[in-house]
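Nothing here was measured: the structure is a model prediction, and the numbers come from that model. Values below: all heavy atoms of this structure, side chains included; hydrogens, waters and symmetry mates excluded.
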Amino acid sequence: MLQLTDIRKNYSEGENQVRALQGISLQFRRSEFVSILGPSGCGKTTSLRMINRMVEPTSGAITIDGVDIATRPAVALRRSIGYVMQNSGLLPHLTVAANIATVPRLNGVARGPARERALELMATVGLDAAMADRYPSQLSGGQQQRVGVARALAADPNILLMDEPFGAVDP
């Protein structure tokens, strides 16, 4: 279970405090699919970035299965959560397959099995295996976004955060 309890986030702009989030409390059960909708600037991305500790809350608590995420090393936490960014966030110097295999490799999976998993996921998201050795700059925006989705799924995470993941993807 993922739980956010009274989450607040303030940013400093000069002498002013800008309130990005105020008292957000949410609870998500295992295997639940949830969409958060709202206008630009309402805190959707900030909320997602706090769940994987890319942004720290000003106050409140976020727990996964009852464990406060602030007690976990941020890098280990991020490797256990799938995250698809708005703009794919691909590493430009790595091939498609290497981008997808990044987290499994960081988690100790050997190169061969990690590439096999990458090729499986390419098929899952509708990318031809012939694209495995291309670089992100050689792909369309929609293809890059599909690679981002495959990369988020590569470590078989319990939590998958998706920030406008299909904006550039054709139906």
Exercise for the section: Measure the spacing between CG of Leu77 and CD1 of Ile62 and express it to the nearest 0.5 Å. Expected result: 9.0 Å
Handout entry: Any Val55 side-chain heavy atom under 4.5 Å of Tyr11 side chain
Key = yes
Problem - Minimum-distance pair of heavy atoms, taken over all atoms of Lys9 and Glu56 - result: NZ-O, 2.8 Å
Exercise for the section: With rounding to the nearest 0.5 Å, note down the distance linking CZ in Arg146 to CE in Met122. Expected result: 11.5 Å
Handout entry: Atom CZ of Arg8: over 12 foreign heavy atoms under 6.0 Å
Key = yes
Practice task
Please confirm whether the backbone N or O of Val109 pairs with a side-chain atom of Arg105, one donor and one acceptor, at under 3.5 Å?
Solution key: yes
Practice task
Side-chain contact test, heavy atoms from C-beta onward, threshold under 4.5 Å: evaluate it for Met50 versus Leu21 and give yes or no.
Solution key: yes
Exercise for the section: Please confirm whether the backbone N or O of Gly60 pairs with a side-chain atom of Thr5, one donor and one acceptor, at under 3.5 Å? Expected result: no
Handout entry: Any Asn158 side-chain heavy atom under 4.5 Å of Arg30 side chain
Key = yes
Handout entry: Considering all heavy atoms, the nearest Ala152-Pro157 contact
Key = O-CG, 3.4 Å
Problem - CD on Gln22 to CD1 on Ile7, rounded to 0.5 Å - result: 13.0 Å
Practice task
Test side chain to side chain contact (heavy atoms under 4.5 Å, CB included) on Arg151 and Leu90 and set out the steps.
Solution key: CA-CA 9 Å; Arg151 182 179 59 190; Leu90 301 179; 3.9 Å; yes
Exercise for the section: Could you tell me whether the side chain of Asp163 reaches within less than 4.5 Å of the side chain of Tyr83, counting heavy atoms only? Expected result: yes
Problem - Linked, directly or transitively: Leu160 and Phe28 (ILVMFWY side chains, under 4.5 Å) - result: no
Exercise for the section: Start with the C-alpha distance between Met1 and Thr63, add both sets of side-chain angles, then the distance that settles side chain to side chain contact (heavy atoms under 4.5 Å, CB included), and finish with yes or no. Expected result: CA-CA 8 Å; Met1 177 174 11; Thr63 60; over 6 Å; no
Handout entry: Rounded distance (nearest 0.5 Å) linking atom CE of Met85 with atom CG of Leu48
Key = 11.5 Å
Handout entry: Nearest heavy atoms of Ala155 and Pro104, plus distance in Å
Key = N-CG, 4.3 Å
Handout entry: Gap between atom CD1 of Ile81 and atom CD1 of Ile69 - 0.5 Å precision
Key = 6.5 Å
Problem - Minimum side-chain heavy-atom gap Leu4-Ile51 below 4.5 Å - result: yes
Exercise for the section: Say whether, by atom type as modelled, one donor and one acceptor occur between the side chain of Arg72 and the main chain of Val67 under 3.5 angstrom. Expected result: no
Completion exercise
All heavy atoms of Leu94 vs all of Pro136, minimum pair found to be O-CD, 3.2 Å
Practice task
Spell out, yes or no, whether Met54 and Val84 are grouped together once hydrophobic residues are joined by side-chain heavy atoms under 4.5 Å, including indirect joins.
Solution key: no
Fill in the blank from the handout: Arg117 and Ala154 have their tightest heavy-atom pair at NE-O, 3.4 Å
Exercise for the section: Would you check if the side chain of Asn99 reaches a backbone N or O of Leu91 as a donor-acceptor pair within less than 3.5 Å? Expected result: yes
Handout entry: Donor-acceptor contact below 3.5 Å, side chain Lys44 vs main chain Leu37
Key = no
Practice task
Measure from the side-chain N and O atoms of Arg134 to the backbone N and O of Val96, and report whether any donor-acceptor pair falls under 3.5 Å.
Solution key: no
Handout entry: Closest contact, heavy atoms only, Ala97 versus Arg115
Key = CB-NH1, 3.4 Å
Practice task
Examine the side chains of Thr58 and Asn10 and answer whether a donor and an acceptor come within less than 3.5 Å of each other.
Solution key: no
Handout entry: Joint cluster assignment, Val34 & Leu161, ILVMFWY side-chain distance < 4.5 Å
Key = yes
Practice task
Would you give the length of the straight line joining atom CG of Leu127 to atom CG of Leu121, rounded to the nearest 0.5 angstrom?
Solution key: 10.5 Å
